[in-house]
Amino acid sequence: MNDNHYDVIIVGTGAGGATLAYQLAPSGKKILVLERGNFLPREKANWNPQHVLQGAYRNAEAWYDKQGKSINTNVHYYVGGNTKFYGGALFRFRERDFEQVTHSDGVSPEWILKYRDFAPYYTQAEKLYEVHGQRGLDPTEPEQEAYPFPAITHEPHIQAIYEGLKDKNFHPFYLPLSIKLNQTNALLSACIRCDTCDGFPCFLNAKADADINCMRPAVTSSNVTLMTQAKVTCLHTSASGKEVTGVEVEVAGQQQIYKANIVVLAMGAVNSAILLLKSASDQHPNGLANSSGLVGRNYMAHKFGVVLALSTLANPTVFQKTMGFNDFYWGEQDFPYPMGSVQSLGNIHSERILASVPAFTPRWIGETIANHCVPWLLITEDLPNLNNRVSLKQEKIHLDYTPNNEKAFNRLIKRWIAALKSIDSYKSKQISIYHAEKMSIKEVAHQCGTCKFGEDPQTSVLDINCRAHDVDNLYVVDSSFFPSSTAINPSLTIMANALRVGEHLLTRLK
Ligand SMILES: Cc1cc2nc3c(=O)[nH]c(=O)nc-3n(C[C@H](O)[C@H](O)[C@H](O)COP(=O)(O)OP(=O)(O)OC[C@H]3O[C@@H](n4cnc5c(N)ncnc54)[C@H](O)[C@@H]3O)c2cc1C
Ligand code: SF4
């Protein structure tokens, strides 16, 4: 075996790739991990809102919408992928999310595997990513053993909202979070509970992300090699087209080829699909592993909304991403269709407010708004649609996307504002106004669905083990495999699935 030949090559070090590398490392197999980015610089500016909001760490190329307009997406290419910036809300999908569900605007398809198939891997992933939470409060959460760590408590302002909602017979809960906070002993706590977490890298490496919790431990095994600034540009196949025989990589402007018995893509749902389309050949004229024509189709990215609750009462909360609310997840009596989930967002800083108002707006106005608001993130399911797709046009990434499920999304926004209004008097004669904003196509943080898994090679790209139906040694372990997006944050399911596929690969490698 020559130096460029490995047992396994993994491309990408985000939630999927790093988790798989961690799972395979103890096997002693020769593993190469290829990552186009570098380690994220650790510097004081990690926590500088202006620096981060101006996009100092955004290093993805422009993508394009269906009108050909460039989109500056919130994609990050670093060791750890987008988990370096995530809020760390690590949820399990709900049991019904794996079944066919009728929405007001269409159908969310059934998965070939069910909640019970993922449950043991969810448990492992929660341990691996140090999830803090409390079971039994969220009415939609599947029944399971306790979280590995106790819930992150609310600060008083959020606690008052939490109590108010409970008094109105709602069921708010503690967000399941992957931060290394020890609430009983500050001296033992890596996390200091700061106001620059969700959307920021952690200067203290106290976020349990894919870099810190999986990639760095994996490379302590001598059989695992991590190559950074190594961008995979093409996959080569054998004459039959049935095996990947070479992974072409651009390193410092030079093309190199690496070989492996097994190749696993974990580049994020958009980039993995793009690489397959780019790797078209005589045997795979429409793109590698694309005999179904489905590679890049069914692109989903969640319908995101932000409700800004602006009040006469100051909000002094430092770390406010602690509360979740799923009472409307499956709908309500006069709207028997799923609506989605709600969670508190990380702090909105004055810099963000000032960036979205006219330039002459005095700084104190931005600061007053930032100090008097509570931002909420609303997520409605994005339904799969063949015409919502990722494609490559003149070597550029295009997202052809038309929004759906608007009725449920609008209703969720309306009902959440009504729920908040119902407790206004609770918080001592405050006056509040509510501003709702829908996020645009450039919010691709929860991208998924571009290589869905299934039993039938005609209606899916990957098989039950996330192996390409058309190519024997090619796997995909990012969120590409999702048949539906659900209305829950995706990372824990990506991590759990990587552990599940890792178990299959360990058997295959034996
Ligand atoms: C601001 C923000 C907040 C978020 N908050 C949450 C949250 O609270 N909860 C949650 O569940 N999710 C959250 N997410 C989403 C979460 O980060 C993603 O779902 C998750 O990281 C996806 O994992 P992945 O492995 O599919 O891809 P990624 O994490 O994107 O990793 C892909 C990796 O592949 C590498 N790569 C890409 N192309 C190539 C190539 N050609 N060659 C080599 N390497 C390549 C990239 O550099 C990257 O390291 C958030 C995302 C953002 C941006
Ligand atoms: S809240 Fe904790 S984990 Fe998050 S950025 Fe601050 S110190 Fe890091």
Side-chain angles (χ1 to χ4, degrees), residues 13-19 21-23 25 39-49 52 57 76 78-92 121-135 144-155 158 173-220 317-324 343-347 445 489-496 498-499:
T13 59
T19 308
Y22 180 91
Q23 165 93 329
F39 283 95
L40 193 123
R42 192 163 169 239
E43 53 197 7
K44 266 175 85 176
N46 291 164
W47 281 349
N48 180 330
V52 175
Y57 298 116
H76 305 87
Y78 293 99
V79 176
N82 284 292
T83 68
K84 291 307 289 179
F85 292 82
Y86 75 176
L90 293 190
F91 282 93
R92 296 175 182 220
Y121 305 102
Y122 275 136
T123 303
Q124 285 178 40
E126 282 168 349
K127 285 196 184 117
L128 185 53
Y129 284 91
E130 302 176 55
V131 183
H132 294 59
Q134 185 175 329
R135 304 259 190 234
Q144 275 306 329
E145 64 273 47
Y147 281 102
F149 294 93
I152 307 287
T153 52
H154 307 304
E155 290 175 41
I158 302 294
F173 56 90
Y174 299 104
L175 272 182
L177 289 174
S178 62
I179 59 173
K180 299 167 191 273
L181 181 68
N182 184 326
Q183 297 177 111
T184 48
N185 189 341
L187 291 176
L188 297 178
S189 184
C191 167
I192 57 160
R193 203 176 170 130
C194 73
D195 71 344
T196 45
C197 192
D198 195 8
F200 291 80
C202 180
F203 174 62
L204 296 178
N205 286 339
K207 222 184 250 191
D209 62 33
D211 165 26
I212 301 299
N213 280 41
C214 285
M215 206 55 244
R216 292 189 201 200
V219 290
T220 59
T317 312
V318 178
F319 181 86
Q320 67 186 0
K321 195 176 172 73
T322 54
M323 202 189 101
Q343 56 198 256
S344 51
L345 260 177
N347 299 47
N489 314 48
S491 295
L492 192 75
T493 302
I494 301 171
M495 293 156 177
L499 294 171

Practice task
Only counting residues at least two apart or in another chain, list the ones meeting side-chain hydrogen bond (donor to acceptor under 3.5 Å, both in side chains) with Asn347.
Solution key: none

Handout entry: Pairwise salt bridge (charged side-chain N to carboxylate O under 4.0 Å, His left out) hits with a residue in residues 181-194, at least two apart
Key = Glu155-Arg193

Does a side-chain heavy-atom distance below 4.5 Å link [X] with [Y]?
| X | Y | answer |
| --- | --- | --- |
| Ser178 | Tyr86 | yes |
| Asp211 | Phe39 | yes |
| Leu492 | Arg92 | yes |
| Phe91 | Gln343 | yes |
| Leu128 | Leu499 | yes |
| Asn205 | Arg216 | yes |
| Thr322 | Leu175 | no |
| Tyr129 | Ser491 | no |

Practice task
For the residue pair Thr493 and Tyr122, confirm or rule out a side-chain donor-acceptor distance under 3.5 Å.
Solution key: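 Note: Thr493 and Tyr122 side chains meet the donor-acceptor criterion.
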
Exercise for the section: Answer yes if the side chains of Asn213 and Lys180 hold a donor-acceptor pair under 3.5 Å, and no otherwise. Expected result: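 A pair is found: one side chain offers a donor N or O, the other an acceptor, under 3.5 Å apart.
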
Between [X] and [Y], what is the shortest heavy-atom contact and its length?
| X | Y | answer |
| --- | --- | --- |
| Ile179 | His132 | O-CE1, 2.8 Å |
| Asn185 | Asn182 | N-OD1, 2.9 Å |
| Thr13 | Ala18 | O-CB, 3.4 Å |
| Ala45 | Tyr57 | C-OH, 3.6 Å |
| Ala210 | Ala15 | CB-N, 4.0 Å |
| Ala190 | Leu204 | O-CD1, 3.6 Å |

Could you tell me the separation between the [atom1] atom of [X] and the [atom2] atom of [Y], rounded to the nearest 0.5 Å?
| X | Y | atom1 | atom2 | answer |
| --- | --- | --- | --- | --- |
| Cys197 | Leu181 | SG | CG | 10.0 Å |
| Phe149 | Glu130 | CZ | CD | 5.0 Å |
| Asn82 | Ile494 | CG | CD1 | 9.5 Å |
| Tyr121 | Gln23 | OH | CD | 8.5 Å |

Handout entry: Lys207 side chain vs Gly87 backbone, donor-acceptor pair below 3.5 Å
Key = no

Practice task
Please identify each residue that fulfils ring-ring contact (aromatic ring centres under 6.0 Å, His included) with Phe319, with sequence neighbours left out.
Solution key: none

Exercise for the section: Using the side-chain contact (heavy atoms from CB on, under 4.5 Å) rule, take Tyr22 and Met215 through it: C-alpha gap first, then chi angles, then the decisive distance, then the call. Expected result: CA-CA 6 Å; Tyr22 180 91; Met215 206 55 244; over 6 Å; no

Practice task
Show your reasoning for whether side-chain contact (heavy atoms from CB on, under 4.5 Å) applies to Ile152 and Lys321.
Solution key: CA-CA 9 Å; Ile152 307 287; Lys321 195 176 172 73; over 6 Å; no

Practice task
Among Val79, Asn46, Ile212, find the residue that satisfies the side chain to side chain contact (heavy atoms under 4.5 Å, CB included) test when tested with Lys84.
Solution key: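 The single option meeting the side chain to side chain contact (heavy atoms under 4.5 Å, CB included) with Lys84 is Ile212.
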
Handout entry: Whether over 12 other heavy atoms sit under 6.0 Å from Tyr78 OH
Key = yes

Exercise for the section: Hey, can you tell me if Phe85 and His76 have their rings parallel, tilted or perpendicular (30° and 60° cut-offs)? Expected result: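 Rings of Phe85 and His76: parallel, as their planes differ by under 30°.
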
Practice task
Fit a plane to each ring of His154 and Tyr174, take the angle between them on a 0 to 90° scale, and name the class: parallel (under 30°), tilted (30 to 60°) or perpendicular (over 60°).
Solution key: parallel

Problem - Test side chain to side chain donor-acceptor pair (under 3.5 Å) applied to Gln183 and Ser189, step by step - result: CA-CA 7 Å; Gln183 297 177 111; Ser189 184; over 6 Å; no

Exercise for the section: Determine, for Lys127 against Glu145, whether the closest basic-nitrogen to carboxylate-oxygen distance falls under 4.0 angstrom. Expected result: no

